[in-house]
Amino acid sequence: MKICAFETSCDDTAVAVVENGVKVLSNVCLSQVEHAKWGGVVPELAAREHAENWQAVLDEALKSAGLVFEKIDALAVTKGPGLSPALLSGTTAASFLALFENKKLIPVHHVFAHACAVFCERDLKVVRFPALVMTASGGHTALNLWRDYTDIQPLGKTRDDAAGEVFDKVAKKLGLKYPGGPKISRCAKDGDETTFKLPRIFLEKDSIDFSFSGLKSATFRAIEGLGNLSKQDIANVCASFEKAVADTFIEKIARAAKQFPEVKDIVFVGGVSANLKLRAELKDFTENSGRRLVVPIKPNYSTDNAAMVASAAYLLYQKNPEIAQVQFVDADARMVIND
Ligand code: KG4
Ligand code: ZN
């Protein structure tokens, strides 16, 4: 079954064609560069860019898959959560296409799609259930229990900033351009993670929720205290900050694993999961607890992409073919997982 999926929940206009949830025939992603000068994503601007570009991105995805549109078995689209205007561009485009071309359309939850990114270019057995899914991106930080392919239960989420958002804000404060995550990760390689004593916010005993605003403020104060920043200062701030984020993720995963000792694998997804230092720290922790860390096979499956949406749609369809209808899918910026 070949699914052509659309992803427009933030600032990437993405279209992919994936066969049977795993075989990525094409994965095209146009990252909008216009937001850099504003230091963050402007929702209305993102929506306009999606509306202008989705057709060209679709053409490119079909061309690189070597397929004509008629050979597509179903469409899929990110319904939510995300930036409302951005989502609306994608759901409207995909819905009109479905209605005009008489194709079935499958709505997909963005955080569930991030989890399914681990199936891309692999096979469906790569995750052993039950698993814990740590999703960290620019818009979401969530720890979920993944009991079976389409059965995913929320355990904890951020109470303030998302992890990726804090990476971007710290980067901005350091004078590094948006998106800051990859730049922090690059600078941190030359830094000493013990230079700054940054807080690890664990919240109440046993809480699986996250809070990053305290870490953000403390990192800002550390930067302000330095005055003129040398290259080494920047590297040390980045390394200390990255380590604080890693320790926070690990503590929360450890708490969740204690509550659900039957968990076999830990899945780490979302844009922040492209970070090699975080991957390494999480891998050490996971393997020490006798489990396995599963991450997307390529960094472009960590960040927003449409292949993960197609994988998720395939699994949803396998569970319930009724989910695919020739329909108008409305965007839902606050969509709840497993609704
Ligand atoms: O998943 P994603 O593409 O979009 C959302 O769903 O939000 O995640 C984007 C976020 C940005 O905040 C970006 O700075 C962060 O992921 N990111 C990283 C890295 N690559 C992207 N954060 C840390 N290290 C990285 N290597
Ligand atoms: Zn995302």
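Note that the structure is a prediction, hence the values are computed from the model and not measured. Start at 1 and go down the list; that is how both ligands and their atoms are numbered.
- Backbone and side-chain nitrogen or oxygen atoms of Phe167 are examined, and none is located within less than 3.5 angstrom of a nitrogen or oxygen of ligand 1.
- Proximity to Thr303 (heavy-atom distance under 4.0 Å) selects the following atoms of ligand 1: 1 (O), 3 (O).
- Of the N and O atoms on the side chains of Asn53 and Thr13, not one donor lies less than 3.5 Å from an acceptor on the other residue.
- Salt bridge annotation for Arg128-Asp265: present, with a cationic side-chain nitrogen under 4.0 angstrom from a carboxylate oxygen.
- Taking only nitrogen or oxygen atoms, main chain and side chain alike, Gly270 does not reach within less than 3.5 Å of ligand 1.
- By the criterion of a heavy-atom distance under 4.0 Å, neither the backbone nor the side chain of Cys10 is placed next to ligand 1.
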Open item on the list: side-chain contact (heavy atoms from CB on, under 4.5 Å) for Arg200 and Lys243? Distances and angles first, verdict last.
Closed with: CA-CA 9 Å; Arg200 278 76 170 142; Lys243 177 70 174 147; 3.5 Å; yes

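- The distance from ligand 1 to the heavy atoms of Gly164 drops below 4.0 Å at these ligand atoms: 12 (O).
- Looking at Lys298 and Glu121, a side-chain N of the basic residue comes within less than 4.0 Å of a carboxylate O on the acidic one, giving a salt bridge.
- Below the 2.8 Å limit, the Zn ion (ligand 2) has as protein N, O or S neighbours His110 NE2, His114 NE2, Asp304 OD1.
- As a member of the Ile/Leu/Val/Met/Phe/Trp/Tyr network built from side-chain separations under 4.5 Å, Leu45 groups with Trp38, Val42.
- With no hydrogens or angles considered, no side-chain donor-acceptor pair links Asp12 and His50 at under 3.5 Å.
- To the nearest 0.5 Å, atom CG of residue Leu145 and atom CG of residue Leu132 are 6.0 Å apart.
- In this structure, atom 1 (O) of ligand 1 lies nearest to the protein heavy atom Gly271 N, 3.0 Å.
- Remark: Asp161 engages Lys216 in a salt bridge, criterion side-chain N to carboxylate O under 4.0 Å.
- Aromatic ring centres of Phe285 and Phe249: separated by at least 6.0 Å.
- When Thr141, Val41, Asn275 are checked for heavy-atom proximity to atom 26 (N) of ligand 1, Asn275 turns out nearest.
- For Glu204 and Arg159, the salt-bridge test passes: some basic side-chain N is under 4.0 Å from an acidic carboxylate O.
- For ligand 1, the atoms sitting less than 4.0 Å from at least one non-hydrogen atom of His114 are 1 (O), 6 (O), numbered in the order shown with element in parentheses.
- Of the candidates Ala113, Ala188, Ala163, Gly138, the one placing a heavy atom closest to atom 8 (O) of ligand 1 is Gly138.
- The option with the heavy atom closest to atom 12 (O) of ligand 1, from among Thr135, Asp168, Leu83, is Asp168.
- Ligand 1 is never approached by Glu242 to a heavy-atom distance shorter than 4.0 Å.
- In summary, the aromatic rings of Phe167 and Phe241 are positioned with their centroids under 6.0 Å apart.
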